[in-house]
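Notes for the one structure printed next.
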Amino acid sequence: MKTVRVRDKDFRLFLTPQQIEGRVQELAKLLNQEYAGKRPILLPILNGAFLFAADLIRRLEVQPELQFIRVSSYGKSMQSSGKVELLVGLDIDIEDRHVLIVEDIVDTGLTFDYVKEYLLQKKAASVEIVSLLFKEANFKGKNLPRYVGYNIPPAFVVGYGLDYAQSGRELDGIYTVVEEA
Ligand code: PRP
């Protein structure tokens with residue numbers, strides 16, 4: 001099985017580019033049905049969601065608008081810290097609009113809770129999330145992600161936008177850390 005080294009750790013291939021592409025296609029098909037006629041605002045959360053969002057939007061046929069926001073969870077290296085802060089917010093009016101957050105991963109779910117609350121305060125008509133990955137075992141949020149690509153075990157993953165200490169985002173597959181014996 002293919003392995004890569006990112007900084008000081010080895011990672012093993014977990015989802016191939018072909019698998020990801022197939023799943024993105026399936027998610028887009030579902031979203032095309034769910035958001036037909038709604039012209040949703042697609043809202044990727046930087047940085048990790050950039051690749052998934054780029055692949056997803058090219059398959060959407062619902063005339064989405066695109067806006068990015070950036071949040072930060074402090075003190076995060078390989079684990080979620082639980083503290084979320086808005087770094088770059090919205091510069092458009094979202095009142096009565098359907099907003100679809102795009103994430104690479106929902107882990108504890110605290111980022112999603114925070115962003116959803118922020119969007120509802122701005123009077124969005126609906127707020128849902130499409131996340132390529134979901135670590136259900138780590139979840140402690142209030143809002144379950146509605147559209148999920150893969151439910152994955154809690155091991156650390158990198159690639160396809162996801163980083164390990166800011167490295168590895170460029171990998172076209174998703175890799176899981178090889179635990180040292
Ligand atoms: C990741 C991911 C989500 C968040 C999910 O971002 O992109 O935004 O963590 O974690 P949670 O469900 O535990 O809140 P990260 O903070 O690593 O920043 P990045 O996207 O810039 O890599």
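In listed order, ligands and their atoms are each counted from 1.
Contact atoms of ligand 1 toward T111: 4 (C), 5 (C), 8 (O), 10 (O), 11 (P), 14 (O) (distance under 4.0 Å to a heavy atom of the residue). Close approach of ligand 1 to L110 (heavy-atom distance below 4.0 Å) involves ligand atoms 12 (O), 14 (O). Close approach to D104 involves these atoms of ligand 1, each under 4.0 Å from a residue heavy atom: 2 (C), 7 (O).
The side-chain hydrogen bond (donor to acceptor under 3.5 Å, both in side chains) contacts involving residues 22-34 comprise R23-E26, E34-Y147, where partners must be two or more places apart or lie in separate chains.
The side-chain heavy atoms of V127 and I101, taken from C-beta on, include a pair separated by under 4.5 Å. Two residues are said to be in side-chain contact when any heavy atoms from C-beta on lie closer than 4.5 Å; K116 and D113 fail this criterion.
When only interatomic distances are considered, the shortest N/O to N/O separation between I105 and ligand 1 does not fall below 3.5 Å. Residue G109 places at least one N or O, backbone or side chain, under 3.5 Å from an N or O of ligand 1.
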Item to check | Steps toward side-chain hydrogen bond (donor to acceptor under 3.5 Å, both in side chains) verdict (Y175, D10) | outcome: CA-CA 9 Å; Y175 292 76; D10 292 320; over 6 Å; no

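Looking at residues two or more places apart in sequence or on another chain, you find no ring-ring contact (aromatic ring centres under 6.0 Å, His included) involving Y118.
Heavy atoms of R169 approach ligand 1 to within less than 4.0 angstrom.
Here Q166 has no heavy atoms under 4.0 Å from ligand 1, in either its backbone or its side chain.
Residue nearest to atom 11 (P) of ligand 1, selected from L133, T108, L46: T108 (by heavy-atom distance).
The side-chain contact (heavy atoms from CB on, under 4.5 Å) test with L66 singles out one residue from V102, L43, L42, and that residue is L42.
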